[in-house]
Every structure is written in structure tokens, then in C-alpha cells.
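Sharing a structure with you now.
The structure presented is a predicted model; accordingly, all values stated were derived computationally and were not measured. Residues take their numbers from the sequence shown, with the count starting at 1.
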Amino acid sequence: QVQLVESGGGSVQAGGSLRLSCTSSGFTRDPYSMAWFRQAPGSEREGVATIYFIGGYTYYFNESVKARFTISRDKSTNTLYLQMNGLKPDDSAMYYCAAKTTVFGAPWWTSSEYSHWGRGTQVAVSS
């Protein structure tokens, strides 16, 4: 049974940094890709960043976080990271880790493309 467990959320002031972690277990082979999503109250879930594992690592970011966030993976510990620098109040949300094991061809930020989800970790950024 696949499990994704996020950690590392918290409360920070604007301009601060956080590193989110997502530890996975139960995969019998590498997923096609993994991603971080976020959802603020009253808003739709949006893709933050993704990393594709096929043929080496390929990264894509939401334009709103480009140059501030990085996504990485430690394969030895099955941990996905999201390093968030220069945090803004608009970054406040519940952050979710997700894994894609089947390719349907929709853009990476399409949440329905992902078969496995964690329960989320809360990030709050104050001004």
C-alpha cells in the first residue's frame, strides 16, 4: 500500500524559508513523477512544482514560485523535498505531496492525473 507523508510545514514571516518533506513507501517501482500542490481556503488546489523521473530528472514550476522554490528528491530515503525561500503571505496554504503512476497526457498541474496523495502539511506566512 502506497503512503505519502508530508512534514516540515509551519509558521514563518514573509521572506523566510521552509523545507517540506514527503516520505513515500509502498511503491513497487518508481512513479512516473511526483509533485507538490497547495490549496488555500476557498481556492482550488494548484500545482506548485513537479519532478519527472523518466530519463533523468526534469522539473517544472508554477510561475508564481519560480526562482524561489526548488524541488528535489533523495532516492535513497524515498523523500521528496520542496525548499521554499522568499516566502510570501500568498504562499500560505495546505501543501500536498502527490505521485503519478500512469500518464494520461494532461498538463502536470492537473490534480486528477495523480493517483496517490499525502494528507498535507500547513504553511502559514505572515506579513
Side-chain angles (χ1 to χ4, degrees):
Q1 182 178 356
V2 172
Q3 284 193 319
L4 303 178
V5 180
E6 303 95 334
S7 62
S11 298
V12 296
Q13 290 193 324
S17 298
L18 284 173
R19 188 177 78 159
L20 306 184
S21 301
C22 170
T23 302
S24 63
S25 61
F27 284 113
T28 55
R29 61 179 182 180
D30 255 359
Y32 181 75
S33 67
M34 295 187 73
W36 288 96
F37 284 76
R38 66 186 180 187
Q39 188 168 20
S43 298
E44 291 189 358
R45 190 168 296 191
E46 67 171 355
V48 176
T50 189
I51 177 171
Y52 284 77
F53 302 137
I54 305 300
Y57 291 165
T58 305
Y59 312 89
Y60 296 99
F61 295 89
N62 185 310
E63 283 296 321
S64 68
V65 306
K66 231 174 187 179
R68 297 189 296 124
F69 291 11
T70 57
I71 186 172
S72 62
R73 179 208 198 191
D74 184 341
K75 190 171 181 179
S76 67
T77 60
N78 294 321
T79 303
L80 182 74
Y81 296 102
L82 184 70
Q83 178 66 44
M84 307 187 294
N85 299 326
L87 282 162
K88 305 175 182 180
D90 283 350
D91 295 318
S92 298
M94 183 72 81
Y95 282 70
Y96 299 91
C97 170
K100 182 188 297 189
T101 55
T102 305
V103 179
F104 296 103
W108 70 265
W109 58 83
T110 306
S111 59
S112 59
E113 290 265 297
Y114 294 81
S115 50
H116 302 286
W117 290 85
R119 293 189 175 184
T121 185
Q122 185 71 46
V123 171
V125 185
S126 58
S127 56

Taking only Lys NZ, Arg NE, NH1 and NH2, and the carboxylate oxygens of Asp or Glu, determine whether Glu46 and Arg38 approach each other closer than 4.0 Å.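 So Glu46 pairs with Arg38 through a salt bridge.
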If you look at every heavy atom in Ala14 and Ser127, which pair is closest and at what distance?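 Reported closest heavy-atom pair: CB-CA, 4.3 Å.
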Arg73 side, atom CZ; Asn78 side, atom CG - distance, nearest 0.5 Å: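 Arg73 atom CZ to Asn78 atom CG measures 7.0 Å (nearest 0.5 Å).
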To the nearest 0.5 Å, tell me how far Cys97 SG sits from His116 NE2.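 The distance works out to 11.0 Å.
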Distance in Å, Ser21 OG paired with Gln83 CD, rounded so as to fall on 0.5 Å steps: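 Ser21 OG to Gln83 CD: 9.5 Å, rounded to 0.5 Å.
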Measure across Ala40 and Ala93 and return the closest heavy-atom pair with its distance rounded to 0.1 Å.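 Nearest heavy atoms, Ala40 then Ala93: N-CB, 3.8 Å.
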Check: residues 104-111 side-chain donor-acceptor pairs under 3.5 Å, at least two apart:
{"from": "Thr110", "atom 1": "OG1", "to": "Pro107", "atom 2": "O", "distance (Å)": "2.9"}

I need the minimum non-hydrogen distance between Pro89 and Ser126, along with the two atoms involved.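 Heavy atoms only, the tightest pair is CG-C, 4.4 Å.
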On a heavy-atom basis, which atom in Arg119 and which in Glu6 lie closest, and how many Å separate them?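 In this case the closest contact between Arg119 and Glu6 is N-OE1, 3.0 Å.
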Gly47 backbone acceptor or donor facing Asn62 side chain under 3.5 Å: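 Side chain of Asn62 to backbone of Gly47, a donor-acceptor pair under 3.5 Å: yes, one is there.
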Using 0.5 Å steps for rounding, measure from the CG atom of Asp91 to the OG atom of Ser64.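 Here the rounded value is 7.0 Å.
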Is there a path from Tyr96 to Val5 through hydrophobic residues (I, L, V, M, F, W, Y) whose side chains come within less than 4.5 Å of each other?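 Result: no, two separate clusters.
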To the nearest 0.5 angstrom, please state how far the CE atom of Met94 sits from the OG1 atom of Thr121.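 Met94 CE to Thr121 OG1: 7.5 Å, rounded to 0.5 Å.
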Atom pair OH/CZ of Tyr114 and Arg45 - distance to nearest 0.5 Å: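 One finds 12.0 Å between OH of Tyr114 and CZ of Arg45.
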Which residues, ordered by chain and number, are linked to Met34 in its hydrophobic cluster, where ILVMFWY side chains connect at heavy-atom gaps below 4.5 Å, directly or through other members?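 Taking Ile, Leu, Val, Met, Phe, Trp and Tyr as members, Met34 shares its hydrophobic cluster with Val2, Leu4, Val12, Leu18, Leu20, Phe27, Trp36, Val48, Ile51, Phe53, Tyr57, Tyr59, Phe61, Val65, Phe69, Ile71, Leu80, Leu82, Met84, Leu87, Tyr95, Val123, Val125.
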Salt bridge (Lys or Arg N to Asp or Glu O under 4.0 Å) against Glu113, all qualifying residues, sequence neighbours excluded: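 Counting only residues at least two positions away or on another chain, Glu113 forms a salt bridge (Lys or Arg N to Asp or Glu O under 4.0 Å) with Lys100.
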